[in-house]
Amino acid sequence: VQLQASGGGLVQAGGSLRLSCSASGGTFGAYAMAWFRQAPGKEREFVSTISWSSSTKQYAGSLKGRFTVSRDNARNTMWLQMIDLKPEDTAVYYCAAKTGGPTAYIEHYHYWGQGTQVTVSS
């Protein structure tokens, strides 16, 4: 499956963005999906994951309440709604897919999108 993330941009602190991840070349509904992010000079870190049925959603502890993950299998798309953005949310955001259930472990994900830059100014 091929993934393409989009929707990043420059936003002021306290603002909102919605990222999209479009999938092609596979059966989107067969995959658990996730968002990771990587800030300059830091390792890529888990943001959120969602099961194929949307019945299970997980978030990094510090992000719960500000970020919401969703998906529409009929549209082969996953979203990440981000509100109350902070400068520390600045990073390249990546979407990823894996077979089986959702997990926060980066090494379990087989397929990756190219990333979309989110910059939050103070």
Side-chain angles (χ1 to χ4, degrees):
V1 63
Q2 291 79 48
L3 305 175
Q4 183 166 356
S6 62
L10 174 64
V11 63
Q12 289 188 330
S16 302
L17 279 175
R18 188 174 80 154
L19 306 183
S20 299
C21 176
S22 298
S24 62
T27 304
F28 183 69
Y31 297 96
M33 300 293 297
W35 291 98
F36 291 82
R37 68 183 184 183
Q38 188 166 19
K42 296 188 177 181
E43 293 187 351
R44 197 169 298 188
E45 65 176 3
F46 170 73
V47 172
S48 181
T49 185
I50 184 169
S51 62
W52 69 271
S53 65
S54 300
S55 61
T56 300
K57 301 177 183 180
Q58 299 174 10
Y59 299 92
S62 61
L63 303 178
K64 196 170 184 179
R66 295 194 298 120
F67 288 16
T68 303
V69 64
S70 60
R71 66 188 292 167
D72 184 338
N73 292 340
R75 297 171 63 182
N76 293 341
T77 303
M78 172 181 66
W79 297 275
L80 184 69
Q81 178 68 51
M82 306 183 293
I83 64 172
D84 191 23
L85 283 163
K86 305 177 186 302
E88 52 265 40
D89 295 319
T90 295
V92 177
Y93 284 70
Y94 297 89
C95 57
K98 66 178 295 292
T99 54
T103 174
Y105 295 102
I106 189 170
E107 60 268 24
H108 291 184
Y109 286 85
H110 319 300
Y111 307 99
W112 291 85
Q114 84 290 359
T116 185
Q117 176 71 49
V118 172
T119 303
V120 184
S121 63
S122 58

Using ring pair (Phe, Tyr, Trp, His ring centres under 6.0 Å), reason through Tyr59 and Phe46 one step at a time and then give a plain yes or no. CA-CA 8 Å; Tyr59 299 92; Phe46 170 73; 8.3 Å; no

Step-by-step side-chain contact (heavy atoms from CB on, under 4.5 Å) determination, Leu63 to Asp89: CA-CA 9 Å; Leu63 303 178; Asp89 295 319; 4.0 Å; yes

Run the numbers on Gln117 and Leu10 for side-chain contact (heavy atoms from CB on, under 4.5 Å), then give the verdict. CA-CA 8 Å; Gln117 176 71 49; Leu10 174 64; over 6 Å; no

When you look at Met33 and Lys98, which way does the side-chain contact (heavy atoms from CB on, under 4.5 Å) test go after all the steps? CA-CA 6 Å; Met33 300 293 297; Lys98 66 178 295 292; over 6 Å; no

Might you work through the side-chain contact (heavy atoms from CB on, under 4.5 Å) test for Glu45 and Gln38, ending with a clear yes or no? CA-CA 6 Å; Glu45 65 176 3; Gln38 188 166 19; over 6 Å; no

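Note: Leu85 CG to Ser16 OG = 6.0 Å, rounded to the nearest 0.5 Å. Rounded to the nearest 0.5 angstrom, Ser22 OG and Gln4 CD are separated by 6.5 Å. If you take CG on Asp84 and CZ on Arg66, they are separated by 6.0 Å, rounding to the nearest 0.5 Å. Going from atom CD of Gln2 over to atom CD of Gln114 covers 12.0 Å, rounded to the nearest 0.5 Å. From Lys42, atom NZ reaches atom CZ of Arg37 across 8.5 Å, with rounding to the nearest 0.5 Å. Expressed to the nearest 0.5 Å, how far CG of Asp72 lies from OG of Ser20 amounts to 11.5 Å.
Between Ala13 and Ser122, the shortest heavy-atom distance links the atoms CB-CA, 4.3 Å. The heavy-atom pair separating Cys95 from Ala5 by the smallest distance is SG-CB, 4.0 Å. Closest heavy-atom contact between Leu3 and Ala23: CD2-CB, 3.7 Å. Nearest heavy-atom pair across Gln81 and Leu17 is NE2-O, 3.5 Å. Taking every heavy atom of both residues into account, Ser48 and Leu80 meet most closely at CB-CD1, 4.3 Å. Closest of all the heavy-atom pairs between Ile50 and Ser54 is CD1-OG, 3.6 Å.
Under the side-chain contact (heavy atoms from CB on, under 4.5 Å) test applied with Leu19, the options Trp35, Phe67, Trp79 reduce to a single match, Trp35.
Arg44 forms a cation-pi arrangement with Tyr94, by the criterion of a distance under 6.0 Å to the ring centre and an angle within 45° of the ring axis. Both the sub-6.0 Å distance and the 45° axial angle are satisfied by Arg71 relative to the ring of Phe28.
Both Val11 and Tyr93 are assigned to one and the same hydrophobic cluster, defined by single-linkage of ILVMFWY side chains at heavy-atom distances under 4.5 Å. Hydrophobic clustering (side-chain heavy atoms under 4.5 Å, transitive across Ile, Leu, Val, Met, Phe, Trp, Tyr) keeps Met82 apart from Val92. Hydrophobic clustering places Ile106 together with Tyr109 (ILVMFWY residues linked when any side-chain heavy atoms are closer than 4.5 Å, directly or through intermediates).
Applying the 6.0 Å contact sphere to NZ of Lys86 captures more than 12 heavy atoms from other residues, nucleotides or ligands. Within a 6.0 Å radius of CD in Glu107, other residues, nucleotides and ligands contribute more than 12 heavy atoms.
In this structure a side-chain-to-backbone donor-acceptor pair under 3.5 Å is missing from Thr90 to Thr119. Judged by distance alone, the side chain of Asn73 and the main-chain N or O of Trp52 form a donor-acceptor pair under 3.5 Å.
The aromatic rings of Trp112 and Phe36 sit tilted, their planes meeting at an angle between 30° and 60°.
Counting only heavy atoms from C-beta outward, the side chains of Gln58 and Val69 never approach each other to under 4.5 Å.
Side chains of Thr49 and Tyr105: no donor on one and acceptor on the other come within 3.5 Å.
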